[in-house]
Enquirer: 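Once you've had a glance at the structure underneath, I'll fire off some questions.
Numbered from 1 within each chain, the chains take letters A, B, ... in sequence-line order.
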Amino acid sequence: MKWQRKDLLGIRGINREEIISILDTAVPMKDVLTREIKKVPTLRGKSVVCLFYEPSTRTRTSFELAAKYMSADTVNISTSSSSVTKGESLIDTGKTIEAMGVDIVVLRHWASGAAHLLSRHVKARVINAGDGAHEHPTQALLDLFTIRERKGRLSGLTVTILGDILYSRVARSNIWGLTAMGAKVRVCGPATLLPPEIAALGVQVFTRVEEALEGADVVNVLRLQLERQQKGLFPSIREYSRLFGLNQERLRLCRSDVLVLHPGPMNRGVEIAGDVANADVAAIEEQVTNGVAVRMAVLYLMMGGSGSGAVH
Amino acid sequence: MALFIKGGRVIDPAQGLDRVADIKIAAGMLVALGDGIDGEFDPATDQLIEATGKLVVPGLIDVHCHLREPGGEDKETVATGTRAAARGGFTAVCAMPNTHPVCDSRPNVDFLLAKAAETGLVRVYPVGAITKGSAGQELTEMDELARSGCVAFSDDGKPVDRAGIMRLALCYAKMTGRIISSHCEDRELAGDGVMHEGYWSTVLGLRGMPAVAEEVAVGRDILLANSVDAPVHIAHVSTAGTVELIRVARSHGIDVTGEVSPHHLGLTDVAVEGFDPVTKVNPPLRTETDRQALKSGLADGTLTILATDHAPHTMEDKQREYAVAPFGIAGLETAWPVYWRELVVPGILPVHDLVAALTCNPARRFGLPGGTLAVGEPADVTVIDPQWEETVGWEHWQSKGRNNPFTGWHLRSWPVVTIVGGQVVMRDRRVIG
């Protein structure tokens, strides 16, 4: 199946077939990562710019390596060392980059909707690598890929997303992707970190973690931004951890073959106990590997590739 | 050298008038209104406006707009803002004081009035600040501001945060006979919100401003006004809860009025999908329930005034990330057809009441001249063609602000003639002068 859209701005509005197409394409991509020579010529002559307005290690490196493994030329721009610090607008920065002949801009930005803004003003393809609390589509895709790989399916699974839902782009993209694939989604967190009318996104809402975990096939633990406590959204890290931290005892409420995900970086001992993160049920490092494969698939499909012939 | 407006449906709620009649204007004044006065028409010297099938109404009055001068001339000036007003059928606008500097003292009022005399195409009535610098701490010299020409007081753009200051302001302003127009927002509750808090803020991951942030402040100001027996006007009413608060207060005899903008009637928070900052406005676009409540409030007389909250910005300001783009919609030029579409077409308000909400009601509440077609008054007249169709676009657009979310909408019923003090300043959708 050919990718029909100019951009990848979010999972909302992407249909089931498109998601399956990306996940299927990522399977052979993952094989490339295990080869001794991790290089295929698929994107030779294409250029990818990673434009990052927020600090990021894993997502930026993941996109960069994904592009490099496919022989694209890559450039990273982070705001601390660019004309952005001179007050240049996102649109102007985008147009400047485009004028240098860039095919794909990978944008990470602190503002929700930034990728939409950029996509309206540049002809280059835009991949949203996380915008504010809005969406982080490739994170959701790698989560879906990891779940499918471990469980063999997505449809019918019960997935609990645990933590700060209000500010989480990972939660939103996962909700859209999982519900599109027929999974049952539960969200759980402190009432002050649950966005209004979240149930209207087709999820079950919990504030008691024990209920949210009961019989879950997958638990996706979100990173707690510690500054939320300073804003008074919950009284203390201690109480958060006591009420919502995923530990071995709570894990036993899930199905015995439960899979634990975390988008990273982790606050060990806060939202997730160290021994849970290290346990076999957790696939946190595998998520990182799969992230490269999924991003290779996205880059490939967006540059006009179709399901086969990617990795020769 | 007279001007005749012939054969139009003359609607003047101030006089309880709604019938086909002719109007004669001479020396800037409305000198006759009746049947067959066009017999006096002399084609050699007089000017004729054929108004058959059109509505002839008192010049529209907007009690809430931002002309940006001084300090924001890249966004709008008195010249461009009043041209936009003329194109929108308005013959008078109240200019909010949140300029740079804030209109909080006599020299600032004098400056605005001088600019208006020099460059204004329609009448400009200054609104003075409630507090110095609109900083919410100390009252302005309200008496001097009133004597200088301020018709009302407001710190619009932001609320008066402190209840004690607001209570003093309401009490003190009574001596001036000028009303306070309150921007109602509890800023702690609104937080760093950029749109209405609800389903769409959740989907879009944008910070929300809950309806209760407005309603808490409205409730506060109604109680404060009542406590000092002062009138209060609630600017840009946007939520169902606010409508209900005003309804209950009025039923208790409290002297409170409220105004509604075109965008809160024409749009909901669904419009924010796509993240176009042209939809970013404070108070934010609300839900369909709120929109319907505003219409009900207008229909049952709870809300009696329509006002644009015209807030122009440059495209550079607006074409930014949604979270950091400024709030505001430039609405003077599209107000009438949007009100028509939302209120008259679905039968929520009779035309007569729509005209009242844009003429005599704001004039009475703000103590302004005009708002009527009474013989002997200055001739401020607007002619509306209810059949005129137009797609909102930039050809002939007058405001410097192109931040208008109705762009591309095909609307029916537009002002086709605007007359200020006997001078035709807009004709056939073209601004003259």
Side-chain angles (χ1 to χ4, degrees), chain A residues 9-13 53-54 79 84 87-95 107 109-121 128 130-137 164-173 175-176 187 192-203 205 231-233, chain B residues 74 187-213 215 239 241 268-280 284-290 313-326 402-403 405 407-408:
Chain A
L9 302 179
I11 300 294
R12 178 169 168 260
Y53 284 74
E54 267 187 343
T79 51
V84 173
E88 188 173 60
S89 74
L90 174 61
I91 294 170
D92 285 343
T93 302
K95 287 188 168 176
L107 178 70
H109 202 291
W110 45 265
S112 299
H116 284 72
L117 177 71
L118 184 67
S119 74
R120 275 201 298 273
H121 289 93
N128 182 3
D131 63 326
H134 176 229
E135 285 230 35
H136 191 352
D164 174 1
I165 312 295
L166 179 62
Y167 288 93
S168 178
R169 54 195 173 212
V170 175
R172 284 171 179 75
S173 288
I175 289 168
W176 298 121
V187 298
T192 47
L193 290 176
L194 293 170
E197 300 186 42
I198 184 74
L201 274 61
V203 302
V205 185
K231 289 185 78 178
L233 286 159
Chain B
D74 54 334
R187 288 203 282 187
E188 187 182 0
L189 289 173
D192 50 5
V194 297
M195 69 172 294
H196 174 70
E197 182 187 283
Y199 173 78
W200 283 103
S201 67
T202 291
V203 168
L204 300 174
L206 290 168
R207 301 295 298 137
M209 311 163 86
V212 73
E215 292 152 3
T239 79
T268 64
D269 56 352
V270 179
V272 184
E273 186 189 10
F275 297 97
D276 188 344
V278 86
T279 61
K280 184 175 172 182
L285 301 176
R286 303 286 187 184
T287 67
E288 183 61 24
T289 304
D290 296 304
H313 291 289
T314 65
M315 285 324 273
E316 289 71 30
D317 289 337
K318 275 291 193 181
Q319 285 182 349
R320 301 178 65 195
E321 296 83 355
Y322 203 94
V324 295
R402 293 186 168 192
N403 48 314
T407 308

Enquirer: Work out which heavy atom in Glu321(B) is nearest to a heavy atom in Ala111(A); give both atom names and the distance.
Expert: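 Looking at all heavy atoms of both residues, the shortest contact is CB-CB, 3.5 Å.
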Enquirer: Is Ile175(A) in contact with chain B via its backbone, its side chain, both, or neither, using a 4.5 Å heavy-atom distance?
Expert: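 No part of it gets close to chain B.
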Enquirer: With chain B as the partner, which of Pro195(A), Pro196(A), Gly132(A), Ala133(A) has the greatest number of non-hydrogen pairs under 4.5 Å?
Expert: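 Heavy-atom pairs under 4.5 Å are most numerous for Pro196(A).
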Enquirer: Taking the side chain as every heavy atom from C-beta outward, state whether His134(A) and Phe275(B) have any pair of such atoms under 4.5 Å apart.
Expert: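 Result yes, sub-4.5 Å side-chain heavy-atom pair found.
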Enquirer: List the atom of Ala323(B), the atom of Trp110(A), and the distance in Å for their closest heavy-atom pair.
Expert: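 In this case the closest contact between Ala323(B) and Trp110(A) is CB-CZ3, 4.4 Å.
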Enquirer: Could you please spell out the steps behind the ring-ring contact (aromatic ring centres under 6.0 Å, His included) verdict for Tyr322(B) and His116(A)?
Expert: CA-CA 10 Å; Tyr322(B) 203 94; His116(A) 284 72; over 10 Å; no
Enquirer: List the residues meeting side-chain contact (heavy atoms from CB on, under 4.5 Å) with Thr268(B), not counting sequence neighbours, and say none if there are none.
Expert: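 Here the qualifying residues are Val270(B), Glu288(B), Arg291(B).
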Enquirer: So which part of Arg169(A) gets closer than 4.5 Å to some heavy atom of chain B, the side chain, the backbone, both or neither?
Expert: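 For Arg169(A), no heavy atom lies under 4.5 Å from chain B.
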Enquirer: Would you say the side chain of Val203(B) lies within less than 4.5 Å of the side chain of Arg12(A), judging by non-hydrogen atoms?
Expert: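 Yes; the side chains approach each other to less than 4.5 Å.
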Enquirer: Are the side chains of Gln319(B) and Arg120(A) in contact, using a 4.5 Å heavy-atom criterion?
Expert: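 The answer is no, as the side chains (C-beta and beyond) never meet within the 4.5 Å cut-off.
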Enquirer: Give, as side chain, backbone, both or neither, the part of Ile198(A) having an atom under 4.5 angstrom from any heavy atom of chain B.
Expert: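 The answer is both parts of Ile198(A).
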Enquirer: Name the one of Leu201(A), Ile165(A), Leu166(A) that satisfies side-chain contact (heavy atoms from CB on, under 4.5 Å) with Thr202(B)?
Expert: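 Option passing the side-chain contact (heavy atoms from CB on, under 4.5 Å) with Thr202(B): Leu201(A).
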Enquirer: Within residues 204-212 of chain B, which residues come under 4.5 Å of chain A, heavy atom to heavy atom?
Expert: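 Within residues 204-212 of chain B, near chain A: Leu204(B), Gly205(B), Leu206(B), Arg207(B).
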